[in-house]
Protein chains: 2
Amino acid sequence: MKLSSRGHYGLMAITYLAQKASDGPIPIKVIAAAEEIPEQYLEQIIVDLRRAGLVTSVRGARGGYKLGHPPEQINVGQVVKALEGEIAPVECLHSQEDTPEACCSKTDNCKTKVVWEKLRDTMVAVLDDITLHDIITGSSKLTLHAES
Amino acid sequence: MKLSSRGHYGLMAITYLAQKASDGPIPIKVIAAAEEIPEQYLEQIIVDLRRAGLVTSVRGARGGYKLGHPPEQINVGQVVKALEGEIAPVECLHSQEDTPEACCSKTDNCKTKVVWEKLRDTMVAVLDDITLHDIITGSSKLTLHAES
DNA sequence: CTAATCTTGACTGTGTGAGTCAGGATTATG
DNA sequence: CATAATCCTGACTCACACAGTCAAGATTAG
């Protein structure tokens with residue numbers, strides 16, 4: 001039940017960009033050094049963030065990366081989805097609208113599916129609710145552990 | 001962000017036991033056939049459930065497995081923890097009380113940690129809240145998607 | 001005694017995650 | 001224009017964990 005390092009690194013990197021949003025474009029080298037992420041590996045990761053529109057790149061000398069949107073408009077769910085694909089604790093849950101119940105062959109016998117659906121929905125809700133702005137300001141959303 | 005097949009199979013198996021709770025001990029062979037789990041693999045998995053006290057075994061001919069507690073007293077969190085270890089979306093979060101901040105070397109710079117903590121806490125809360133009884137009765141807890 | 005069952009540990013193979021390497025494309029700057 | 005700084009791309013390696021198998025032993029009902 002683990003995130004891969006891509007999601008972890010990716011969030012670190014984009015959070016760093018959010019903190020430096022007022023500066024010009026930040027070279028990958030700088031992010032990598034600051035967050036202690038292997039530079040070449042970070043390149044791969046940031047490609048996916050760019051493709052998802054979460055960061056934008058400026059090529060050439062003095063280039064680098066900037067946030068694609070203001071920090072309030074980027075949430076952790078987007079980052080994780082861009083880097084790890086859809087959140088789905090078990091295979092069955094990958095959006096296969098075509099094959100309605102193809103996975104758990106036993107159709108209705110698979111009583112456990114709802115458990116993973118519920119888990120997934122909760123995870124998505126949590127991640128979608130946290131923005132980069134929340135992270136860099138240390139929003140109470142993150143610090144106090146409110147149980148509804 | 002995936003569960004391994006152990007957790008998936010394990011929950012299926014123990015849910016099956018919960019449904020057959022009134023029967024005598026159920027042989028692994030029967031569970032494996034019913035839930036379409038490789039028998040030898042299920043053996044491995046169920047060992048961990050037994051060690052955690054979630055199921056009990058009856059050895060010898062006419063033996064098999066039974067629930068270790070009534071279905072209301074076994075929750076999904078226990079099952080997952082028994083089979084996959086502690087739930088922790090990123091390494092940093094494994095209970096290392098000894099090395100307080102050893103992982104994210106940058107100590108307070110690691111602003112993203114709280115995100116994963118929050119995620120973990122939420123996941124644990126969800127899983128701990130769902131019992132086998134909820135699963136076999138199709139509790140509304142699982143079916144309606146209440147957003148607080 | 002024997003067959004049914006759990007119990008244990010070693011074993012294998014495949015895939016993915018994590019990271020590296022090498023080279024090409026783009027652009028600011030002097 | 002030349003050069004250096006940067007992004008961009010794809011192929012590559014390596015180790016490890018996951019998923020599953022195999023084989024043999026211990027227990028017990030009948």
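Order of the sequence lines sets the chain letters (A, B, ...), proteins ahead of strands, with each chain counted from 1. Predicted model, so just to flag it, every value in this text is computed and none were measured.
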Looking at C/dT16, I'd like to know if its phosphate oxygens (OP1 or OP2) sit under 4.0 Å from a side-chain N or O belonging to A/S4.
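No, outside the criterion.
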Is there a side-chain contact between A/L11 and A/L132 (heavy atoms, below 4.5 Å)?
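The answer is yes; the side chains approach within 4.5 Å.
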Both A/S5 and A/R62 contact DNA chain C. Taking the nearest nucleotide for each, which residue is further toward the 5' end?
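Closest to the 5' end, via its nearest nucleotide, is A/S5.
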Could you check B/V47 against A/G60 and say which one's nearest nucleotide on DNA chain C is further toward the 5' end?
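Its nearest nucleotide being more 5', the pick is B/V47.
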Once you round to the nearest 0.5 Å, how far does [atom1] of [X] lie from [atom2] of [Y]?
X: A/M1; Y: B/R120; atom1: CE; atom2: CZ; answer: 14.0 Å
X: A/I46; Y: A/L83; atom1: CD1; atom2: CG; answer: 9.5 Å
X: B/E117; Y: A/L142; atom1: CD; atom2: CG; answer: 9.5 Å

Between B/K2 and A/A88, what is the shortest heavy-atom contact and its length?
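Nearest heavy atoms, B/K2 then A/A88: CG-O, 3.2 Å.
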Quickly work out the [X] [atom1] to [N] [atom2] distance and round it to whole Å.
X: A/E91; N: C/dG15; atom1: CD; atom2: P; result: 14 Å
X: A/Y41; N: C/dG17; atom1: OH; atom2: C1'; result: 6 Å
X: B/Q40; N: C/dC6; atom1: CD; atom2: P; result: 12 Å
X: A/E39; N: C/dA18; atom1: CD; atom2: P; result: 19 Å
X: B/I45; N: C/dT8; atom1: CD1; atom2: P; result: 16 Å

Applying a 4.0 Å non-hydrogen cut-off, can you work out what B/I26 is touching in the nucleic acid: base, sugar-phosphate, or nothing?
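Here B/I26 touches the backbone only, sparing every base.
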Under 4.0 Å, counting only non-hydrogen atoms across every strand here, what does B/I46 touch: a base, just sugar-phosphate, or nothing?
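If one applies the 4.0 Å heavy-atom cut-off, B/I46 turns out to touch nothing in the nucleic acid.
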Heavy atoms of other groups near B/K66 NZ, more than 12 under 6.0 Å:
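Counting neighbours around NZ of B/K66, 12 or fewer heavy atoms of other residues, nucleotides or ligands fall under 6.0 Å, so no.
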Crowded around B/K141 NZ? As in, over 12 foreign heavy atoms under 6.0 Å?
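Check passes, neighbour count above 12.
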[options]: which one has an atom nearest the side-chain heavy atoms of [X]?
X: B/P27; options: C/dG19, C/dC6, C/dG17; result: C/dC6
X: B/S57; options: C/dT27, C/dA28, C/dT7; result: C/dT7
X: B/R51; options: C/dT8, C/dC6, C/dT26; result: C/dT8
X: B/A61; options: C/dA4, C/dG19, C/dT7; result: C/dA4

Could you tell me the boundaries of the chain B footprint on DNA chain D, defined by atoms under 4.0 Å from its heavy atoms?
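Contacts span D/dA19 to D/dG30, reading 5' to 3'.
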Hey, which of these two, B/Q44 or A/Y65, hits DNA chain D nearer its 5' end, going by closest nucleotide?
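It is A/Y65, whose closest nucleotide lies nearer the 5' terminus.
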